[in-house]
Amino acid sequence: MNEHVDELLALYALGGMESGEAQRIEAHLAECAACRNEAEADRALVGLIAQSAPMEGPRDEVRARLMQRIGARPPHRERRAISLRPAWVFAALNMAVVVALLGWNFYLNGQLNTLRRQLGKQEQYVSVLLSTTKREIVLTAQDNDPANRARAYVDPETRSMVLVIDHLPPIGPDQTYQLWLITDAGPQPSILLDVNDRGWGMTTLKVPEPQANFNAIGVSVEPAGGSQQPTEVVLAGGS
Amino acid sequence: MKRSGQLDSELMIRVVRGDGSALAELYDLHAAQVFGLCLRILNEPQLAEDMLQEVFVRVWEKAHTYEPGRGQFTTWLMGVTRNMCIDQLRRLRARPQAAEPGNADGEALPFEELLLDPEMDVPEAAAANEMAGLVRRAIARLSPEQRQVIELSYFRGFTRREIARKLKLPEGTVHTRARLALQNLRQQLNTQGVRLEDLV
(Lines give C-alpha, C1' and ligand atoms only; values in the text may rest on other atoms or scores of the structure.)
Protein backbone atom coordinates (compact mmCIF):
# COMPACT_ATOMS: atom_id res chain seq x y z
CA MET A 1 0.00 0.00 0.00
CA ASN A 2 1.84 3.07 -1.23
CA GLU A 3 -0.97 5.64 -1.17
CA HIS A 4 -1.45 7.67 1.96
CA VAL A 5 -4.06 6.27 4.29
CA ASP A 6 -5.01 9.43 6.18
CA GLU A 7 -8.68 9.00 5.19
CA LEU A 8 -8.74 5.66 6.99
CA LEU A 9 -6.80 6.54 10.11
CA ALA A 10 -9.64 7.79 12.29
CA LEU A 11 -11.63 4.58 12.01
CA TYR A 12 -8.40 2.59 12.32
CA ALA A 13 -7.64 4.35 15.61
CA LEU A 14 -11.18 3.64 16.78
CA GLY A 15 -10.60 -0.07 16.09
CA GLY A 16 -13.19 -0.15 13.32
CA MET A 17 -11.14 -1.68 10.50
CA GLU A 18 -11.32 -5.33 9.48
CA SER A 19 -8.12 -7.17 10.40
CA GLY A 20 -6.86 -7.47 6.81
CA GLU A 21 -7.32 -3.75 6.20
CA ALA A 22 -5.75 -2.93 9.54
CA GLN A 23 -2.67 -4.94 8.55
CA ARG A 24 -2.42 -3.07 5.26
CA ILE A 25 -2.61 0.23 7.12
CA GLU A 26 0.07 -0.90 9.56
CA ALA A 27 2.30 -1.82 6.62
CA HIS A 28 1.88 1.66 5.24
CA LEU A 29 2.51 3.27 8.63
CA ALA A 30 5.80 1.43 8.87
CA GLU A 31 6.90 3.21 5.70
CA CYS A 32 5.27 6.62 5.93
CA ALA A 33 6.28 9.01 8.70
CA ALA A 34 3.53 11.52 7.88
CA CYS A 35 0.72 8.99 8.23
CA ARG A 36 2.42 7.44 11.24
CA ASN A 37 2.49 10.77 13.05
CA GLU A 38 -1.18 11.28 12.30
CA ALA A 39 -1.98 7.77 13.50
CA GLU A 40 -0.11 8.38 16.76
CA ALA A 41 -2.07 11.59 17.32
CA ASP A 42 -5.36 9.78 16.68
CA ARG A 43 -4.30 6.96 18.99
CA ALA A 44 -3.66 9.41 21.82
CA LEU A 45 -7.02 11.07 21.24
CA VAL A 46 -8.81 7.73 21.24
CA GLY A 47 -6.98 6.93 24.47
CA LEU A 48 -8.78 9.91 25.98
CA ILE A 49 -12.10 8.57 24.72
CA ALA A 50 -11.36 5.36 26.61
CA GLN A 51 -10.58 7.33 29.74
CA SER A 52 -13.88 9.16 29.46
CA ALA A 53 -15.76 6.08 30.66
CA PRO A 54 -17.10 6.75 34.16
CA MET A 55 -14.75 5.41 36.82
CA GLU A 56 -16.18 2.58 38.90
CA GLY A 57 -14.70 0.94 41.96
CA PRO A 58 -14.50 -2.86 41.65
CA ARG A 59 -15.03 -5.11 44.65
CA ASP A 60 -11.99 -5.75 46.86
CA GLU A 61 -12.13 -9.47 46.07
CA VAL A 62 -10.95 -8.76 42.52
CA ARG A 63 -7.68 -7.31 43.76
CA ALA A 64 -7.16 -10.23 46.13
CA ARG A 65 -7.80 -12.77 43.35
CA LEU A 66 -5.43 -10.92 41.03
CA MET A 67 -2.59 -10.92 43.54
CA GLN A 68 -3.18 -14.61 44.20
CA ARG A 69 -2.96 -15.35 40.47
CA ILE A 70 0.22 -13.39 39.79
CA GLY A 71 1.84 -14.92 42.84
CA ALA A 72 1.60 -18.26 41.10
CA ARG A 73 2.77 -16.97 37.75
CA PRO A 74 6.10 -15.20 37.24
CA PRO A 75 6.15 -12.41 34.68
CA HIS A 76 7.76 -12.63 31.30
CA ARG A 77 11.29 -11.45 31.89
CA GLU A 78 12.21 -10.69 28.33
CA ARG A 79 13.68 -7.23 28.07
CA ARG A 80 12.07 -4.60 25.95
CA ALA A 81 12.83 -5.12 22.32
CA ILE A 82 15.51 -2.79 21.12
CA SER A 83 16.63 -3.38 17.60
CA LEU A 84 20.08 -4.74 16.99
CA ARG A 85 21.88 -4.20 13.76
CA PRO A 86 25.11 -5.66 12.38
CA ALA A 87 28.29 -3.94 13.50
CA TRP A 88 29.24 -2.83 10.01
CA VAL A 89 26.48 -0.22 10.04
CA PHE A 90 28.33 1.70 12.75
CA ALA A 91 31.44 2.03 10.61
CA ALA A 92 29.71 4.43 8.21
CA LEU A 93 27.44 6.02 10.70
CA ASN A 94 25.56 8.71 8.82
CA MET A 95 25.03 8.05 5.14
CA ALA A 96 25.69 4.34 5.28
CA VAL A 97 22.99 3.96 7.89
CA VAL A 98 20.62 6.04 5.79
CA VAL A 99 21.32 4.09 2.61
CA ALA A 100 21.25 0.74 4.36
CA LEU A 101 18.02 1.45 6.15
CA LEU A 102 16.30 2.76 3.06
CA GLY A 103 17.50 -0.34 1.23
CA TRP A 104 16.14 -2.52 3.96
CA ASN A 105 12.89 -0.61 3.83
CA PHE A 106 12.55 -1.51 0.18
CA TYR A 107 13.56 -5.12 0.65
CA LEU A 108 11.30 -5.75 3.59
CA ASN A 109 8.24 -4.10 2.06
CA GLY A 110 5.41 -6.58 2.19
CA GLN A 111 6.97 -8.75 4.88
CA LEU A 112 5.56 -9.64 8.27
CA ASN A 113 4.31 -6.93 10.61
CA THR A 114 7.09 -7.46 13.04
CA LEU A 115 9.59 -6.68 10.35
CA ARG A 116 7.53 -3.70 9.25
CA ARG A 117 7.70 -2.32 12.72
CA GLN A 118 11.47 -2.54 12.70
CA LEU A 119 11.45 -0.63 9.45
CA GLY A 120 9.42 2.07 11.12
CA LYS A 121 12.17 2.44 13.68
CA GLN A 122 14.74 2.68 10.92
CA GLU A 123 12.79 5.53 9.37
CA GLN A 124 12.97 7.25 12.69
CA TYR A 125 16.74 6.83 12.62
CA VAL A 126 16.86 8.33 9.15
CA SER A 127 14.57 11.16 10.10
CA VAL A 128 16.77 12.13 13.04
CA LEU A 129 20.05 11.65 11.19
CA LEU A 130 18.87 13.81 8.30
CA SER A 131 17.48 16.55 10.52
CA THR A 132 19.29 19.82 9.93
CA THR A 133 18.70 20.84 13.54
CA LYS A 134 20.00 17.64 15.11
CA ARG A 135 22.37 17.84 18.03
CA GLU A 136 25.22 15.34 18.34
CA ILE A 137 26.45 14.09 21.68
CA VAL A 138 29.58 11.98 21.98
CA LEU A 139 29.68 9.67 24.97
CA THR A 140 33.08 8.57 26.17
CA ALA A 141 34.09 5.71 28.40
CA GLN A 142 34.49 6.45 32.07
CA ASP A 143 37.54 4.17 32.20
CA ASN A 144 39.14 6.13 29.31
CA ASP A 145 39.10 3.12 27.00
CA PRO A 146 38.90 4.78 23.55
CA ALA A 147 37.26 1.71 22.03
CA ASN A 148 34.15 2.05 24.17
CA ARG A 149 32.05 4.83 22.83
CA ALA A 150 28.61 5.96 21.82
CA ARG A 151 26.99 8.74 19.92
CA ALA A 152 23.56 10.19 20.30
CA TYR A 153 21.72 12.29 17.74
CA VAL A 154 18.81 14.34 19.03
CA ASP A 155 16.24 16.18 16.94
CA PRO A 156 15.01 18.92 19.29
CA GLU A 157 11.89 19.54 17.22
CA THR A 158 10.52 16.01 17.57
CA ARG A 159 12.46 15.13 20.77
CA SER A 160 13.58 11.96 18.94
CA MET A 161 16.94 10.46 19.80
CA VAL A 162 19.03 7.88 17.97
CA LEU A 163 21.67 6.21 20.11
CA VAL A 164 24.47 4.11 18.64
CA ILE A 165 26.84 2.31 21.00
CA ASP A 166 29.86 0.20 20.21
CA HIS A 167 32.41 -2.03 21.90
CA LEU A 168 30.65 -2.19 25.23
CA PRO A 169 32.14 -4.95 27.35
CA PRO A 170 30.10 -8.11 28.00
CA ILE A 171 27.94 -8.11 31.13
CA GLY A 172 26.42 -10.88 33.18
CA PRO A 173 23.07 -12.54 32.39
CA ASP A 174 21.49 -10.78 35.38
CA GLN A 175 22.67 -7.35 34.22
CA THR A 176 21.54 -4.85 31.64
CA TYR A 177 22.73 -1.61 30.11
CA GLN A 178 20.46 1.34 30.88
CA LEU A 179 20.30 4.84 29.42
CA TRP A 180 20.08 7.94 31.66
CA LEU A 181 19.04 11.48 30.84
CA ILE A 182 20.85 13.90 33.14
CA THR A 183 18.69 16.91 33.98
CA ASP A 184 19.01 19.67 36.57
CA ALA A 185 17.08 17.34 38.88
CA GLY A 186 19.71 14.60 38.47
CA PRO A 187 19.84 11.38 36.44
CA GLN A 188 16.46 10.26 35.10
CA PRO A 189 16.08 6.55 34.24
CA SER A 190 15.37 5.84 30.59
CA ILE A 191 15.23 2.74 28.44
CA LEU A 192 17.14 -0.52 28.80
CA LEU A 193 19.67 -1.21 26.06
CA ASP A 194 20.59 -4.44 24.36
CA VAL A 195 23.88 -4.93 22.60
CA ASN A 196 25.05 -7.80 20.44
CA ASP A 197 28.00 -10.05 21.21
CA ARG A 198 30.37 -7.37 19.91
CA GLY A 199 28.97 -4.77 22.24
CA TRP A 200 27.11 -2.96 19.44
CA GLY A 201 23.55 -1.66 19.64
CA MET A 202 21.35 0.99 18.08
CA THR A 203 18.02 2.28 19.24
CA THR A 204 15.69 5.22 19.10
CA LEU A 205 13.49 6.84 21.68
CA LYS A 206 11.34 9.88 22.20
CA VAL A 207 12.66 12.04 25.02
CA PRO A 208 9.81 12.73 27.47
CA GLU A 209 8.74 16.37 27.63
CA PRO A 210 9.90 16.92 31.25
CA GLN A 211 13.39 15.75 30.32
CA ALA A 212 13.63 17.55 26.97
CA ASN A 213 16.22 20.01 28.31
CA PHE A 214 18.60 17.34 29.57
CA ASN A 215 22.23 18.41 29.97
CA ALA A 216 23.95 15.10 29.37
CA ILE A 217 23.32 11.44 28.91
CA GLY A 218 24.91 8.36 30.33
CA VAL A 219 24.92 4.58 30.01
CA SER A 220 25.27 2.39 33.06
CA VAL A 221 25.34 -1.27 34.03
CA GLU A 222 22.34 -2.20 36.14
CA PRO A 223 20.67 -5.30 37.51
CA ALA A 224 18.24 -6.91 35.03
CA GLY A 225 15.11 -4.80 34.73
CA GLY A 226 16.92 -1.50 35.30
CA SER A 227 17.22 0.83 38.27
CA GLN A 228 15.94 4.15 39.51
CA GLN A 229 19.48 5.42 40.24
CA PRO A 230 22.61 4.64 38.18
CA THR A 231 24.84 1.96 39.67
CA GLU A 232 27.94 1.80 37.46
CA VAL A 233 28.22 4.45 34.75
CA VAL A 234 30.31 3.26 31.84
CA LEU A 235 29.66 5.98 29.25
CA ALA A 236 28.76 9.63 29.63
CA GLY A 237 28.74 12.81 27.63
CA GLY A 238 27.01 16.14 27.27
CA SER A 239 26.48 18.76 24.63
CA MET B 1 4.90 14.61 44.14
CA LYS B 2 5.81 12.64 41.03
CA ARG B 3 3.95 13.13 37.79
CA SER B 4 1.58 10.23 37.22
CA GLY B 5 3.26 9.30 33.93
CA GLN B 6 6.65 9.09 35.58
CA LEU B 7 5.26 7.05 38.46
CA ASP B 8 3.60 4.65 36.00
CA SER B 9 6.89 4.18 34.14
CA GLU B 10 8.78 3.50 37.35
CA LEU B 11 6.17 0.98 38.43
CA MET B 12 6.31 -0.74 35.05
CA ILE B 13 10.10 -1.09 35.35
CA ARG B 14 9.51 -2.84 38.66
CA VAL B 15 6.75 -5.02 37.16
CA VAL B 16 9.14 -6.18 34.43
CA ARG B 17 11.51 -7.20 37.22
CA GLY B 18 8.74 -9.32 38.74
CA ASP B 19 7.80 -7.01 41.60
CA GLY B 20 4.21 -7.94 42.49
CA SER B 21 3.84 -4.96 44.83
CA ALA B 22 4.43 -2.65 41.84
CA LEU B 23 1.57 -4.34 40.00
CA ALA B 24 -0.60 -3.86 43.08
CA GLU B 25 0.24 -0.14 43.05
CA LEU B 26 -0.62 0.11 39.35
CA TYR B 27 -3.89 -1.68 40.08
CA ASP B 28 -4.72 0.75 42.87
CA LEU B 29 -3.99 3.69 40.59
CA HIS B 30 -5.87 2.51 37.51
CA ALA B 31 -8.38 -0.22 38.45
CA ALA B 32 -11.32 2.17 38.67
CA GLN B 33 -10.62 3.54 35.22
CA VAL B 34 -10.06 0.10 33.69
CA PHE B 35 -13.14 -1.32 35.40
CA GLY B 36 -15.15 1.69 34.18
CA LEU B 37 -14.17 0.96 30.58
CA CYS B 38 -14.85 -2.79 30.99
CA LEU B 39 -18.28 -1.97 32.36
CA ARG B 40 -18.91 0.56 29.61
CA ILE B 41 -18.17 -2.02 26.91
CA LEU B 42 -19.38 -5.27 28.46
CA ASN B 43 -22.28 -3.71 30.37
CA GLU B 44 -22.31 -6.55 32.89
CA PRO B 45 -20.60 -6.21 36.29
CA GLN B 46 -19.48 -9.83 36.64
CA LEU B 47 -18.03 -9.94 33.13
CA ALA B 48 -16.38 -6.58 33.74
CA GLU B 49 -14.76 -7.76 36.99
CA ASP B 50 -13.45 -10.90 35.31
CA MET B 51 -12.06 -8.78 32.51
CA LEU B 52 -10.47 -6.33 34.95
CA GLN B 53 -8.52 -9.20 36.46
CA GLU B 54 -7.52 -10.52 33.02
CA VAL B 55 -6.28 -7.08 31.98
CA PHE B 56 -3.91 -6.82 34.93
CA VAL B 57 -2.71 -10.38 34.43
CA ARG B 58 -1.93 -9.29 30.86
CA VAL B 59 -0.03 -6.27 32.20
CA TRP B 60 1.95 -8.60 34.46
CA GLU B 61 2.82 -10.97 31.65
CA LYS B 62 3.36 -8.43 28.87
CA ALA B 63 4.86 -5.50 30.74
CA HIS B 64 8.04 -5.78 28.67
CA THR B 65 6.09 -4.91 25.52
CA TYR B 66 5.17 -1.46 26.82
CA GLU B 67 7.36 1.18 25.17
CA PRO B 68 7.33 4.50 27.06
CA GLY B 69 8.54 6.29 23.94
CA ARG B 70 5.33 5.42 22.10
CA GLY B 71 2.96 7.17 24.47
CA GLN B 72 1.57 7.35 27.95
CA PHE B 73 1.07 4.23 30.04
CA THR B 74 -2.64 4.98 30.47
CA THR B 75 -3.09 5.11 26.68
CA TRP B 76 -1.41 1.70 26.39
CA LEU B 77 -3.36 0.26 29.31
CA MET B 78 -6.72 1.48 28.05
CA GLY B 79 -5.89 0.20 24.56
CA VAL B 80 -5.17 -3.25 25.98
CA THR B 81 -8.40 -3.08 27.98
CA ARG B 82 -10.52 -2.01 25.04
CA ASN B 83 -9.13 -4.73 22.77
CA MET B 84 -9.62 -7.47 25.35
CA CYS B 85 -13.18 -6.32 26.04
CA ILE B 86 -14.04 -6.17 22.34
CA ASP B 87 -12.60 -9.66 21.78
CA GLN B 88 -14.84 -10.89 24.58
CA LEU B 89 -17.83 -9.03 23.14
CA ARG B 90 -17.24 -10.60 19.73
CA ARG B 91 -16.94 -14.06 21.28
CA LEU B 92 -20.28 -13.50 23.01
CA ARG B 93 -21.87 -12.31 19.79
CA ALA B 94 -20.57 -15.34 17.93
CA ARG B 95 -22.36 -17.72 20.28
CA PRO B 96 -25.63 -19.03 18.89
CA GLN B 97 -28.56 -16.96 20.15
CA ALA B 98 -26.25 -14.97 22.38
CA ALA B 99 -27.54 -11.66 23.51
CA GLU B 100 -25.58 -8.46 23.93
CA PRO B 101 -24.50 -8.44 27.59
CA GLY B 102 -26.80 -6.54 29.83
CA ASN B 103 -29.84 -6.56 27.61
CA ALA B 104 -32.40 -8.04 29.90
CA ASP B 105 -34.84 -8.77 27.11
CA GLY B 106 -32.24 -10.85 25.30
CA GLU B 107 -32.30 -8.74 22.19
CA ALA B 108 -29.79 -6.23 20.97
CA LEU B 109 -30.91 -2.65 20.55
CA PRO B 110 -31.99 -1.73 17.05
CA PHE B 111 -28.70 -0.75 15.49
CA GLU B 112 -29.79 2.53 14.00
CA GLU B 113 -31.15 3.75 17.32
CA LEU B 114 -27.83 3.59 19.14
CA LEU B 115 -26.69 6.92 20.50
CA LEU B 116 -29.06 9.08 18.56
CA ASP B 117 -30.23 10.43 21.88
CA PRO B 118 -27.77 13.24 22.66
CA GLU B 119 -27.93 12.47 26.39
CA MET B 120 -27.11 8.80 25.95
CA ASP B 121 -23.72 7.64 27.22
CA VAL B 122 -22.81 11.07 28.44
CA PRO B 123 -23.51 10.72 32.14
CA GLU B 124 -23.20 13.79 34.26
CA ALA B 125 -22.18 11.82 37.31
CA ALA B 126 -18.68 10.64 38.15
CA ALA B 127 -17.08 13.86 36.96
CA ALA B 128 -14.37 13.52 39.58
CA ASN B 129 -11.81 13.05 36.91
CA GLU B 130 -11.43 16.43 35.28
CA MET B 131 -10.00 15.12 32.02
CA ALA B 132 -12.69 12.46 31.73
CA GLY B 133 -15.28 15.17 32.30
CA LEU B 134 -13.76 17.36 29.60
CA VAL B 135 -13.73 14.50 27.11
CA ARG B 136 -17.30 13.49 27.95
CA ARG B 137 -18.50 17.03 27.45
CA ALA B 138 -16.58 17.28 24.18
CA ILE B 139 -18.13 14.02 22.95
CA ALA B 140 -21.56 15.31 23.95
CA ARG B 141 -21.07 18.30 21.66
CA LEU B 142 -20.45 16.12 18.60
CA SER B 143 -23.27 15.55 16.16
CA PRO B 144 -25.38 12.43 16.88
CA GLU B 145 -23.99 10.77 13.75
CA GLN B 146 -20.41 11.38 14.87
CA ARG B 147 -21.10 10.10 18.40
CA GLN B 148 -22.77 7.08 16.88
CA VAL B 149 -19.73 6.06 14.86
CA ILE B 150 -17.50 6.36 17.98
CA GLU B 151 -19.95 4.28 19.97
CA LEU B 152 -20.32 1.57 17.34
CA SER B 153 -16.68 1.21 16.43
CA TYR B 154 -14.85 1.87 19.70
CA PHE B 155 -17.29 0.76 22.38
CA ARG B 156 -19.22 -1.94 20.46
CA GLY B 157 -16.43 -3.32 18.29
CA PHE B 158 -18.24 -3.16 14.97
CA THR B 159 -16.16 -2.82 11.82
CA ARG B 160 -16.78 -0.19 9.17
CA ARG B 161 -18.36 -2.82 6.91
CA GLU B 162 -20.79 -3.89 9.62
CA ILE B 163 -21.59 -0.29 10.47
CA ALA B 164 -22.11 0.63 6.83
CA ARG B 165 -24.33 -2.38 6.19
CA LYS B 166 -26.52 -1.90 9.22
CA LEU B 167 -26.85 1.85 8.86
CA LYS B 168 -27.30 1.45 5.11
CA LEU B 169 -24.52 3.90 4.39
CA PRO B 170 -21.56 3.80 2.02
CA GLU B 171 -18.33 2.81 3.78
CA GLY B 172 -16.86 6.14 2.73
CA THR B 173 -19.53 7.95 4.75
CA VAL B 174 -18.60 5.92 7.83
CA HIS B 175 -14.97 6.97 7.36
CA THR B 176 -15.96 10.59 6.91
CA ARG B 177 -18.04 10.59 10.09
CA ALA B 178 -15.20 9.00 12.05
CA ARG B 179 -12.69 11.49 10.73
CA LEU B 180 -14.92 14.46 11.48
CA ALA B 181 -15.67 13.06 14.93
CA LEU B 182 -12.00 12.93 15.90
CA GLN B 183 -11.28 16.24 14.21
CA ASN B 184 -14.05 18.02 16.11
CA LEU B 185 -13.12 16.29 19.34
CA ARG B 186 -9.49 17.38 18.97
CA GLN B 187 -10.59 20.93 18.22
CA GLN B 188 -12.85 21.10 21.25
CA LEU B 189 -10.22 19.68 23.58
CA ASN B 190 -7.65 22.14 22.24
CA THR B 191 -10.09 24.92 23.01
CA GLN B 192 -10.29 23.57 26.56
CA GLY B 193 -6.50 23.75 26.86
CA VAL B 194 -5.84 20.00 26.57
CA ARG B 195 -2.36 19.54 25.06
CA LEU B 196 -2.83 16.42 22.97
CA GLU B 197 0.76 16.54 21.71
CA ASP B 198 1.93 15.70 25.23
CA LEU B 199 0.06 12.41 25.01
CA VAL B 200 1.79 11.23 21.81
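In what follows, every chain begins at residue 1, and chains take the letters A, B, ... in the order their sequences are listed.
The two residues A:Glu18 and B:Thr159 have their closest heavy-atom pair at OE2-OG1, 2.9 Å. Taking each heavy atom of A:Arg63 and B:Ala24 in turn, the nearest pair found is NH2-CB, 3.4 Å. The shortest heavy-atom contact between A:Ala44 and B:Thr75 is CA-CG2, 4.4 Å. In terms of heavy-atom proximity, B:Ser153 sits nearest to A:Gly16 at CB-CA, 4.2 Å. Nearest heavy-atom pair across A:Leu45 and B:Leu182 is CD2-O, 3.3 Å.
By number of non-hydrogen pairs under 4.5 angstrom with chain B, the leading residue of A:Leu205, A:Leu9, A:Asp42 is A:Asp42. If you tally non-hydrogen atom pairs under 4.5 Å between each of A:Pro189, A:Ser52, A:Pro208, A:Ser160 and chain B, the highest count goes to A:Ser52. When A:Pro58, A:Ala53, A:Gly47, A:Gly57 are compared by the number of non-hydrogen pairs under 4.5 Å with chain B, A:Pro58 comes out ahead.
To the nearest 0.5 Å, the span separating CZ on B:Phe35 from CZ on A:Arg59 amounts to 8.0 Å. In this structure, the separation between CZ on B:Phe56 and CE on A:Met67 is 10.5 Å, given to the nearest 0.5 Å. Atoms CG and CZ, from A:Leu48 and B:Arg186 in turn, are 10.0 Å apart once rounded to the nearest 0.5 Å. Here CG of A:Leu14 is found 11.5 Å from CD of B:Glu151. Values are rounded to the nearest 0.5 Å. Between the CG atom of B:Leu23 and the CD1 atom of A:Ile70 there is a distance of 4.5 Å, given to the nearest 0.5 Å. To the nearest 0.5 Å, atoms CZ (A:Arg69) and CD (B:Glu61) are separated by 7.5 Å.
B:Arg40 contributes no side-chain N or O that, together with a main-chain N or O of A:Met55, makes up a donor-acceptor pair within less than 3.5 Å.
Two residues are said to be in side-chain contact when any heavy atoms from C-beta on lie closer than 4.5 Å; B:Ile150 and A:Val46 fail this criterion. Residues A:Leu8 and B:His175 are in side-chain contact: their nearest non-hydrogen atoms beyond the backbone lie under 4.5 Å apart.
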Exercise for the section: Run the numbers on A:Gln228 and B:Ile13 for side-chain contact (heavy atoms from CB on, under 4.5 Å), then give the verdict. Expected result: CA-CA 9 Å; A:Gln228 291 306 303; B:Ile13 288 174; 3.8 Å; yes

Practice task
Walk me through it: do A:Arg65 and B:Gln53 pass the test side-chain contact (heavy atoms from CB on, under 4.5 Å)?
Solution key: CA-CA 8 Å; A:Arg65 286 204 306 267; B:Gln53 187 181 151; 3.1 Å; yes

Problem - Test log, rule side-chain contact (heavy atoms from CB on, under 4.5 Å), inputs B:Glu49 and A:Glu56 - result: CA-CA 11 Å; B:Glu49 279 193 351; A:Glu56 298 280 349; over 6 Å; no

Problem - Stepwise side-chain contact (heavy atoms from CB on, under 4.5 Å) test for B:Trp60 and A:Leu66 - result: CA-CA 10 Å; B:Trp60 178 246; A:Leu66 171 69; over 6 Å; no

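Both the backbone and the side chain of B:Thr74 come within contact range of chain A, with heavy atoms under 4.5 Å apart. Heavy-atom distances place the side chain of B:Asp50, and not its backbone, under 4.5 Å from chain A. Interface residue B:Leu189: only side-chain heavy atoms are found under 4.5 Å from chain A.
When the side chain to side chain contact (heavy atoms under 4.5 Å, CB included) test is applied to A:Pro223, the partners found at least two apart in sequence or on another chain are A:Ser227, A:Thr231. The side chain to side chain contact (heavy atoms under 4.5 Å, CB included) test applied to A:Ala50 returns B:Leu37, B:Met78, B:Tyr154, not counting sequence neighbours.
The pair A:Lys206-B:Glu67 does not count as a salt bridge, with every side-chain nitrogen at least 4.0 angstrom from each carboxylate oxygen. Salt bridge status for B:Arg179 with A:Asp6: absent, with no side-chain N to carboxylate O gap under 4.0 Å.
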